[in-house]
Amino acid sequence: MALVAKGGRLADLLLLAAACACTLESAVQATNPRPNFLFIVSDDLRPEVGALGGKAITPNLDKLAHSPGTVVFERAYVQQAICCPTRSSFLTGRRPDTTKVWDLKTYWRNAGGNFTTLPQFFRENGYFTSGMGKVFHPGYHDDAPYSWSEPYFHARDGGLSGNMTLCWDELGKNITDDDLIDGKLAQHAVSVLERVSKMNQPFFVAVGFHRPHLPWSVPQKYFDMYPLDTIELADHNQAPKDYGAARQWSWDPQSGPRHCGPLKQLGKSMPEYALVPDALSKQFRQAYYASVSSLDRNAGVVLDALDRLGLDNSTHVLFIGDHGWQLGDLGEFGKKTNFERATRAPLVVRQAGSRAAAKTSPSLVEFVDIMPTLIDLAGFDVPVTCPEVSRDVALCTEGQSLKPILDAPPAVSTTDQENTTTALKTAVFMQYAHCMHDEGIWHDGCANASEPKVMGYAVRTPRYRFIDWVVFDKTTFPPTAHWNRVLGTELYDHGPNDNVDNVAESVNLAANPDYASTVSTLRKVLHAGWRGARSVRPRDD
């Protein structure tokens, strides 16, 4: 106090130091500004991209996958293979049992907790956030006012994209891409990028394309790329052999196209759980491929604009499918399963300004890792790991930042992964609620307040997929899986080389005595959960 009294020199020095610090911080920010983000989400896209070994023709996404600074995650898995649960999960960084979203109608802020979302985090930390299309699942005002800096944008096309009379529509030559919802979204995204490129503020722009979700209504030119006589049926397009008791909880071969014309027209002549006829299966597959190529075109419009505006050096790009989709694989049409084709989805990251050669990573990763990864790439501290009960914790994560893999993708084969120290986790986890199979048409029996009562929990290691269907109590925090009340079990061997063809899941090995020890081991891994499968511990553990 005496020093301050003598002319206030100490106070003056403190003010001067503070001013210098602010000037230094401003200078650092000017020379090291926060990066931008372009987040592109596609709907129902399995790894059917050319660069991922898919059959669809996707030159624009292939270009992204092969461009400098890109890492393609070959083994990325969602937490639940249906739109609302997966999006609620990867946009909050938490798993379905924490968000309490297992159906198509629940809002995590009402059910799980008032959790901070990925765009909300950026908005609250100085970013301009803009969203359009299907980013969050429709409803609840697309999480306004929490997540977005400006009014959310939805395109309209007068119903051209939404005709469910058929599962598909080969739109005539007078219909162009830009006449349809996704084309309009692409054009709007370009206008937003042009606007934000002039702002003195970092941006997070999220573009949610609707294709290849049903109905597969796209211009004729995309169907022409896939002549029907060249379309093959899925390999192993029957239910798994030795399915056992699990079948009644997981089997639903018509879950996707049941919503639209052809199967409705068959009516009672086709039992609810019958296989889709082969001829119709080929038409479905053709239409799906056509929709993927349409998506590729629209994603290319946005990516080309980013490059044209000179934003590629300052903008991280993330492209994902919200989950996979089965095209007759193991007899299933749709996504509502715990199988490989439903839970494995594209995850492609291009780091801003990187000149490193494009690479693929065989590491097991999860979509719950997306939020901590982007926050890490922006230079912020990664959110802490969520406690067991996090309903009152606004910001935490149940995933891990993938930045260590982005910076140095592990140079290992899939057969080596279980022994490598560069992998972040030894297993990944997903689940599916049986009640989504119950209702006759839309199969959203989970909307019943008493549901779900049965949950299928799955774990995927570098070699195996293991699933237990158990009695489930959603009323507790976290929900209670009654592991001692197993209703059905599945075990599938993907082999030492990670065979993703359907043959790997064509036989349920759970009851095979030769695999008894494997079942026992994997059941322990499943019960230990994601916290026990992390090879690299986060900073807060």
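Bear in mind the structure is a predicted one, so any value in this text is a computation, not a measurement.
A donor-acceptor pair is defined here as one N or O able to donate and one able to accept, closer than 3.5 Å; no such pair exists between the side chain of Arg95 and the backbone of Gln431. Between the side chain of Ser506 and the main chain of Val503, a donor-acceptor pair closer than 3.5 Å is present. With hydrogens and angles ignored, the 3.5 Å screen pairs no side-chain donor or acceptor of Asp307 with any backbone N or O of Asp312. Using modelled atom types, one side-chain atom of Arg285 and one backbone atom of Leu327 make a donor-acceptor pair closer than 3.5 Å. Asp43 contributes no side-chain N or O that, together with a main-chain N or O of Lys134, makes up a donor-acceptor pair within less than 3.5 Å. Side chain of Glu505 to backbone of Glu340: a donor-acceptor contact under 3.5 angstrom is found. In this structure, the side chain of Lys425 does not engage the main chain of Trp530 through any donor-acceptor pair within 3.5 Å. In this structure, the side chain of Ser293 engages the main chain of Ile57 through a donor-acceptor pair within 3.5 Å. Under the 3.5 Å distance criterion, the side-chain polar atoms of Ser390 are left unmatched by any main-chain donor or acceptor of Val393. Using modelled atom types, no side-chain atom of Asn497 and backbone atom of Asn499 make a donor-acceptor pair closer than 3.5 Å.
Using cut-offs of 30° and 60° for the angle between ring planes, the Trp251 and Tyr243 rings count as perpendicular. Ring planes of Phe37 and Phe204: tilted class, angle from 30 to 60°.
Here Arg523 pairs with Asp468 under the salt bridge (Lys or Arg N to Asp or Glu O under 4.0 Å) rule; sequence neighbours left out. Looking at residues two or more places apart in sequence or on another chain, you find a side chain to side chain donor-acceptor pair (under 3.5 Å) between Asp143 and Tyr107, Arg109, Ser147.
Asp498 has a carboxylate O that lies under 4.0 Å from a charged side-chain N of Arg460, or vice versa, which qualifies the two as a salt bridge. Ion pairing between Asp329 and Arg46 holds under the 4.0 Å rule for side-chain N and carboxylate O.
Partner Trp108 forms a ring-ring contact (aromatic ring centres under 6.0 Å, His included) with one of Tyr140, Phe136, Trp102 and no other, that one being Phe136.
Relative to the six-membered ring of Tyr288, Lys55 misses at least one condition, a distance below 6.0 Å or an angle of at most 45° to the axis. A cation-pi arrangement, defined by a distance under 6.0 Å to the six-membered ring centre and an angle within 45 degrees of its axis, is present between Arg34 and Phe380.
Between the side chains of Asn508 and Asp242, no donor-acceptor pair is found at a separation under 3.5 Å.
Side-chain atoms of Thr373 and Leu406, non-hydrogen and from C-beta on, do get closer than 4.5 Å to each other. Using a 4.5 Å heavy-atom threshold, the side chains of Leu185 and Asn298 count as separate.
The stretch residues 111-120 participates, sequence neighbours left out, in no salt bridge (Lys or Arg N to Asp or Glu O under 4.0 Å) pair at all.
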